[in-house]
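Encoded as structure tokens, the structure appears first; notes follow it.
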Number of protein chains: 2
Amino acid sequence: MPALSRRERPAKPALTREGIVDAAVRLMESEGLQRVTMRRLAQELDTGAASLYVYVANAYELHAAILDRLLARVDLAPAPDWREGLHRVLRSYADLLFAHPSLARSALSLRPNGPNYLALVDTLLGLLAAGRVPAVQAAWGVDYLLQTATATAAEHAVDTKRDAEAEWQQLSDTLASASADDYPHLHQRAADLVSGTPSERSYWAVDMLINGIIATPTPH
Amino acid sequence: MPALSRRERPAKPALTREGIVDAAVRLMESEGLQRVTMRRLAQELDTGAASLYVYVANAYELHAAILDRLLARVDLAPAPDWREGLHRVLRSYADLLFAHPSLARSALSLRPNGPNYLALVDTLLGLLAAGRVPAVQAAWGVDYLLQTATATAAEHAVDTKRDAEAEWQQLSDTLASASADDYPHLHQRAADLVSGTPSERSYWAVDMLINGIIATPTPH
DNA sequence: ACCTGAACACCGTTCAAGT
DNA sequence: ACCTGAACACCGTTCAAGT
């Protein structure tokens, strides 16, 4: 009874790049980026993997498009103060990546250049300009502000198959038991290396980067 | 003629964790980390993939062991001056990752804790102590010094299947043509965002981080 | 104890053949 | 122009059966 089965489900929508990326974002949010494969996504769209290649060059480009789409959710709202504004924007960006660990792990090699990424960079540049940071220092600094936020999210986004708690414990133990002879400085500061909460460290890192950017002139 | 063929090649050496990691490093250096799969490595060792699981928990652990082994090559030799020492050690570390792009891409999520990693951290802590950087700031700072070096190497280590030149050109073009209305700061500083050579930027980044670490007290 | 082949459940990408 | 099935060349991991 093809007529009936046709009425049971809406007609298969035509493939478009838009629709493919939409489905990819939904699949990423429900199953993680590692499940957003050409084959799995095609299955979701009720077609074959080969069909997607009309709209998407390869799996990498698909993943980059997902990140681009998600960056729309970063909160760029103005803050009372430029330094506070930097903290807020970068925390919003980091939170987004933390909420999508599998994406975070790929974000460093996915170099987005869509409108949402541009808006993010523009906002950060504006905030640094408001803080009277010299132009070139600000431009170079923005890269490292975003890179640190991305890398921190990526580091904390451990594969679901790995035991993050166990790995952390292992590192703590290794540091705590480091021999004073072989590793004198490590031995002395083992506790400091693992001190602070993740959010204390992130906040400190942003301040540290801002201070460094302000204090360090670029060559020529 | 089994006797002959046995003499043609040396007897198949017994499997050991050591031997497996050795072979993995060789394979990584010749074909890239993406080729260091359980199956491909097993083939290299003239056995089946399943045999490796006696010595290695999984593919991730194997990759981490490779990184650990490679960190032995980082140059930790003393420098005339603590700041210069930091520059040298971090450049040596970054050069190592640059020389192995596929490893660089994975290095951020591979959290090594072998003796070579400990020696690297110990050396960085010692250099910061020589610079009279307060203990906790130094301990937190070391993480970001290594993270930035790793992330920079990872960013520049584009997949061989992708066209790094084309992607860079694309980003440059996007920045250069950013509308002054939508992205006022970006439009104004487009040139600054892509200025400087990679090594100028890396050197600046290390200075910037050192200055930030010195200038930023940790909470409590 | 260690090693193996075979199996399970997957990948990205290409391409000739269809509509 | 777009879509498809099938193929090619791969993956990680498990497990029963052997030595």
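Lettering of chains follows the sequences in order, A, B, ..., and the numbering in each one begins at 1.
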Where the side chain of [X] is concerned, which of [options] is the nearest nucleotide?
{"X": "Ser51(B)", "options": "dT4(D), dT4(C), dT13(D)", "answer": "dT4(C)"}
{"X": "Asn58(B)", "options": "dC11(D), dT13(C), dT13(D)", "answer": "dT13(D)"}
{"X": "Ala50(B)", "options": "dG5(C), dG12(C), dG12(D)", "answer": "dG5(C)"}
{"X": "Met38(B)", "options": "dT13(C), dT13(D), dC3(C)", "answer": "dT13(D)"}

- Integer angstrom distance from the C1' of dC2(D) to that of dA16(C): 14 Å

- Query: When the P atoms of dC10(D) and dA9(C) are considered, how many whole Å apart are they?
  - Reply: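 Approximately 23 Å lies between the P atom of dC10(D) and that of dA9(C).
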
Between [atom2] on [N] and [atom1] on [X], what's the gap in Å once rounded to a whole number?
{"X": "Arg35(A)", "N": "dG12(C)", "atom1": "CZ", "atom2": "P", "value": "12 Å"}
{"X": "Glu61(B)", "N": "dG12(D)", "atom1": "CD", "atom2": "C1'", "value": "14 Å"}
{"X": "Leu41(B)", "N": "dC11(D)", "atom1": "CG", "atom2": "P", "value": "11 Å"}
{"X": "Leu52(A)", "N": "dA1(D)", "atom1": "CG", "atom2": "P", "value": "19 Å"}
{"X": "Arg39(A)", "N": "dT14(C)", "atom1": "CZ", "atom2": "C1'", "value": "12 Å"}
{"X": "Tyr53(A)", "N": "dG12(C)", "atom1": "OH", "atom2": "P", "value": "6 Å"}
{"X": "Gln43(A)", "N": "dA9(C)", "atom1": "CD", "atom2": "C1'", "value": "12 Å"}
{"X": "Arg40(A)", "N": "dC11(D)", "atom1": "CZ", "atom2": "C1'", "value": "18 Å"}

- Task: Verify the neighbour count for atom NE2 of His87(B): are there more than 12 heavy atoms of other residues, nucleotides or ligands below 6.0 Å?
- Result: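 Yes - once you tally the heavy atoms of other residues, nucleotides and ligands closer than 6.0 Å, there are more than 12.
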
- Message: Expected output check: what is the dot-bracket annotation of DNA chain C, where ( ) and [ ] are pairs inside the strand (brackets for crossing ones), | is paired with another strand, and pairs are Watson-Crick or G-U under 3.5 Å?
- Response: ||.|||||...|||||.||

Are the charged groups of [X] and [Y] less than 4.0 angstrom apart, N to O?
{"X": "Arg26(B)", "Y": "Glu44(B)", "result": "no"}
{"X": "Arg201(B)", "Y": "Glu155(B)", "result": "no"}
{"X": "Arg35(B)", "Y": "Glu29(B)", "result": "no"}

- Message: The criterion is ring-ring contact (aromatic ring centres under 6.0 Å, His included); which residues satisfy it with Tyr55(A), sequence neighbours excluded?
- Response: none

- Message: Over all strands shown, is Thr37(A) touching base, sugar-phosphate only, or nothing at heavy-atom distances under 4.0 angstrom?
- Response: sugar-phosphate

